[in-house]
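Beneath this line is the structure, given in structure tokens, with notes to follow.
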There are 2 protein chains.
Amino acid sequence: MNIGEVAQRSGLPAKTIRYYEEIGLVAPPRDANGYRAFRESDLHKLAFLGRARALGFTIEDCRALLALYEDHSRASADVKRIARLHLDRIDEKITELQAMRGTLSQLIEACAGDNRPDCPIMEDLAALPDHGSG
Amino acid sequence: MNIGEVAQRSGLPAKTIRYYEEIGLVAPPRDANGYRAFRESDLHKLAFLGRARALGFTIEDCRALLALYEDHSRASADVKRIARLHLDRIDEKITELQAMRGTLSQLIEACAGDNRPDCPIMEDLAALPDHGSG
DNA sequence: GATAGGGGTTCCAGTCACGGGAAGGTCAAG
DNA sequence: CTTGACCTTCCCGTGACTGGAACCCCTATC
């Protein structure tokens with residue numbers, strides 16, 4: 001398979017596939033003309049990577065997961081641990097975003113949104129940070 | 001004020017303040033020795049930027065907000081519009097993360113997490129993408 | 001054999017919002 | 001005069017790609 005076909009079947013852009021080769025996630029052999037010659041196993045790895053990335057795993061997580069994917073004597077506990085750590089990161093991010101969301105939506109609701117300059121959003125942003133002297 | 005004091009009072013790292021100068025968000029004059037000489041107004045701008053960034057606004061949003069901050073004949077509607085667009089982006093991100101969270105937590109729950117290789121997480125990741133022929 | 005097009009290849013630069021660290025100038029205190 | 005804390009600029013690295021230039025390969029057509 002050339003890169004175009006693999007791109008189509010894995011759902012990844014050709015650029016991304018080349019990048020994954022560069023960082024050592026896949027290592028397709030080359031044809032005599034220099035073209036990458038992807039095997040079915042490469043396609044499966046790339047599809048795996050695409051799915052893992054879609055779930056938000058970092059590239060380094062993906063590298064670890066791919067190693068476990070290839071390791072038929074793996075322990076599912078290892079997979080689960082990686083997934084759980086990632087879930088924790090996601091929860092942190094969600095919490096952070098929801099905090100922003102809370103503040104923002106309050107401010108937006110309080111803002112008249114008319115042609116006058118007075119604006120609770122501006123007032124909030126303009127507040128100097130607390131130096132907490134107590 | 002030198003950069004150290006402004007950093008402390010604004011809560012921003014000196015590095016970040018220099019970066020904000022570089023991209024034109026603040027323009028403190030210089031002392032004879034080449035040191036940046038921040039005015040109170042610069043401090044206020046920087047504190048404003050810090051707060052806006054903490055709410056997740058992009059630098060370009062910040063640039064626009066700062067212009068409105070300085071514009072005493074602004075319309076609060078303009079502020080509100082920027083904030084609302086940002087809120088929409090936050091909501092998108094939250095939705096995306098919650099989708100990941102949903103899939104991941106299901107998979108994690110279904111995974112035995114023992115020393116056997118069988119693992120629903122791996123099975124999910126290994127699925128080839130649908131080519132949707134119908 | 002020339003040409004057009006649709007593959008493929010490499011390499012370089014840019015993204016976003018900084019952070020780290022080197023190499024060097026400045027200032028107040030002892 | 002030295003120490004040490006501050007300040008300066010400059011350049012590289014981050015994560016995970018994306019865009020584009022310049023070039024090669026292969027097939028089909030005239």
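Chain A is the first sequence line, chain B the second, and so forth, proteins listed ahead of strands; every chain is numbered from 1.
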Quiz item: When you measure from the side chain of B:R74 to the backbone N and O of B:L68, does any donor-acceptor pair fall under 3.5 Å?
Solution: yes
Quiz item: What residues in residues 27-43 of chain B put a non-hydrogen atom under 4.0 Å from any atom of DNA chain D?
Solution: B:R30, B:G34, B:Y35, B:R36
Quiz prompt | Angle of first-five versus last-five pair axes in the helix from C:dG1-D:dC30 to C:dG30-D:dC1, to 10 degrees | solution = 40°
Quiz item: To the nearest 0.5 Å, what is the distance between CZ (A:R36) and CZ (A:R18)?
Solution: 5.5 Å
Quiz prompt | Atom pair distance, as rounded to whole Å: CG in A:N2 and C1' in D:dC25 | solution = 11 Å
Quiz item: Which two nucleotides bound the region of DNA chain C that has atoms under 4.0 Å from heavy atoms of chain A, read 5' to 3'?
Solution: C:dG7 to C:dC11
Quiz item: Atom CD of B:Q8 and atom P of D:dC6: how far apart are they, to the nearest Å?
Solution: 10 Å
Quiz prompt | Under the side chain to side chain donor-acceptor pair (under 3.5 Å) test, residues paired with A:R53 that sit two or more places apart | solution = none
Collect all protein-nucleotide pairs involving nucleotides 15-18 of chain D in which both atoms are nitrogen or oxygen and the distance is under 3.5 Å.
from   : atom 1 : to    : atom 2 : distance (Å)
D:dA16 : OP1    : A:I59 : N      : 3.3
D:dA16 : OP2    : A:I59 : N      : 3.4
D:dA16 : O3'    : A:R53 : NH2    : 3.3
D:dC17 : OP2    : A:Y20 : OH     : 2.6
D:dC17 : OP2    : A:R53 : NE     : 2.6
D:dT18 : OP2    : A:T16 : OG1    : 2.9

Quiz item: What is the distance, rounded to the nearest whole Å, between atom CZ of A:R18 and atom P of D:dG19?
Solution: 13 Å
Quiz item: When clusters are formed by joining ILVMFWY residues with side-chain heavy atoms under 4.5 Å apart, either directly or through shared neighbours, do B:I23 and B:V26 land in the same one?
Solution: yes
Quiz item: Are B:D118 and B:R116 within salt-bridge range, i.e. N to O under 4.0 Å?
Solution: no
Self-check item: Over all atoms of both residues, closest heavy-atom pair of B:I3 and B:A14
Solution: CD1-O, 3.6 Å
Quiz prompt | Minimum side-chain heavy-atom gap B:I90-B:I94 below 4.5 Å | solution = yes
Practice problem: Inspect the contact between A:D42 and A:R39 and indicate whether a charged nitrogen and a carboxylate oxygen are less than 4.0 angstrom apart. | Solution: yes
Practice problem: Would you confirm whether B:S76, through its side chain, and A:D114, through its main-chain N or O, come within 3.5 Å as a donor-acceptor pair? | Solution: yes
Quiz item: What heavy-atom pair brings A:A37 and A:P28 nearest, and what distance separates the two atoms?
Solution: O-CB, 4.1 Å
Exercise. Only pairs at least two apart or in different chains count here, so list each ring pair (Phe, Tyr, Trp, His ring centres under 6.0 Å) that has a residue in residues 6-49 of chain A.
Key: A:F48-A:Y69
Self-check item: Polar side-chain atom of B:H86 near backbone of B:L55 as donor-acceptor pair, under 3.5 Å
Solution: yes
Self-check item: Pair A:E92 + A:R89: basic N to acidic O under 4.0 Å
Solution: no
